[in-house]
Amino acid sequence: GKYGARGEVEYALKVAAMDVHNESPFRYLLGVLKECWKGEGAVTEGEEEVNDLTAVVKDKLNEMKEQGSAQVHTALVDLAEREGDQEEAKKLCGELKDNLDKIREKYWAQRIDMFK
């Protein structure tokens, strides 16, 4: 129902904000959003509600961005990809590759190569 996805998103954002380096709430948050985007599962929201929720998440993530969290950037990559903003996605992947998530440097290099 209406409250379902929004409630879950707000809760996940609250938990994520407490520790931007904890992967779990970000994974959960994107899981809920992806369900909404597909319009499947228990969270079938109206398109307007889904777009609004997505915008709320994007704003919150952008607020957290300066904290230099790989989790925040990774989530923003998914949002940029969904919006078809390849330039933004590429830039975020570059920051992950070079600074925030060097351990997975090869993975981010591959993601960047996918944006042509």
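These numbers come from the heavy atoms of this one structure, side chains and all, not from hydrogens, waters or symmetry mates. Count residues from 1 along the sequence.
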**Complete:** CD of Glu105 to CG of Leu96, rounded to nearest 0.5 Å, is 11.5 Å

**Cluster check Val15, Met64: I/L/V/M/F/W/Y, side chain < 4.5 angstrom** = no

**Prompt:** Does some side-chain heavy atom of Arg27 sit less than 4.5 Å from a side-chain heavy atom of Glu23?
**Reply:** yes

**Message:** Strictly below 4.0 Å, N to O, side chains only: are Lys91 and Glu88 in salt-bridge contact?
**Reply:** yes

**Message:** On a heavy-atom basis, which atom in Ala17 and which in Val20 lie closest, and how many Å separate them?
**Reply:** O-CG1, 4.5 Å

**Asked** Less than 4.5 Å apart, any side-chain heavy atom of Gln67 and any of Val72?
**Response** no

**Asked** Mind checking whether Val56 and Tyr28 sit in one hydrophobic cluster, side chains of I, L, V, M, F, W, Y counted as touching below 4.5 Å?
**Response** yes

**Request:** Specify the closest pair of heavy atoms between Trp37 and Thr54, including all atoms of both residues, with the distance to one decimal.
**Result:** NE1-OG1, 3.0 Å

**Item:** NZ/Lys58: more than 12 non-hydrogen atoms of other groups inside 6.0 Å
**Value:** no

**Message:** If I compare all heavy atoms of Gly68 with all of Leu100, which pair ends up nearest, and what's the gap?
**Reply:** O-CD2, 3.3 Å

**Message:** How about OH on Tyr107, more than 12 heavy atoms from neighbouring residues, nucleotides or ligands closer than 6.0 Å, or not?
**Reply:** yes

**Request:** Measure the CG-OG1 distance between Leu92 and Thr74 for me, rounded to the nearest 0.5 Å.
**Result:** 9.0 Å

**Prompt:** Could you state the interatomic distance from CG (Leu79) to CG (Asp85), rounded to the nearest 0.5 Å?
**Reply:** 10.5 Å

**Item:** Residues clustered with Met18, ILVMFWY side-chain links under 4.5 angstrom
**Value:** none

**Prompt:** Salt bridge or not for Lys106 and Asp113, using N-O below 4.0 Å?
**Reply:** no

**Asked** Out of curiosity, Glu35 CD to Glu8 CD, how far, rounded to the nearest 0.5 Å?
**Response** 10.0 Å

**Message:** Testing the basics here: between Ala5 and Cys36, what is the closest heavy-atom pair and its distance to 0.1 Å?
**Reply:** CB-SG, 3.6 Å

**Message:** Once side chain to side chain donor-acceptor pair (under 3.5 Å) is applied, do any residues pair with Arg82, and if so which ones, sequence neighbours excluded?
**Reply:** none

**Prompt:** How far apart are the closest heavy atoms of Phe26 and Asp19, and which atoms are they?
**Reply:** CE1-O, 4.2 Å

**Asked** Got a salt bridge between Arg111 and Glu81, using NZ or NE/NH1/NH2 to carboxylate O under 4.0 Å?
**Response** yes

**Prompt:** Is Ile103 isolated, or which residues cluster with it under the ILVMFWY side-chain rule of less than 4.5 Å, directly or via members?
**Reply:** none

**Request:** Please round to the nearest 0.5 Å and tell me the distance separating atom NZ of Lys14 and atom NZ of Lys60.
**Result:** 10.5 Å

**Request:** Could you tell me which non-hydrogen atom of Lys97 sits nearest to which non-hydrogen atom of Trp108, and how far apart they are?
**Result:** CB-CB, 3.7 Å

**Prompt:** Leu53 and Arg6: side-chain contact (heavy atoms from CB on, under 4.5 Å), yes or no, with the steps?
**Reply:** CA-CA 7 Å; Leu53 265 185; Arg6 183 168 289 272; 4.0 Å; yes

**Prompt:** At what distance, to the nearest 0.5 angstrom, does NZ of Lys34 lie from CG of Leu29?
**Reply:** 10.5 Å

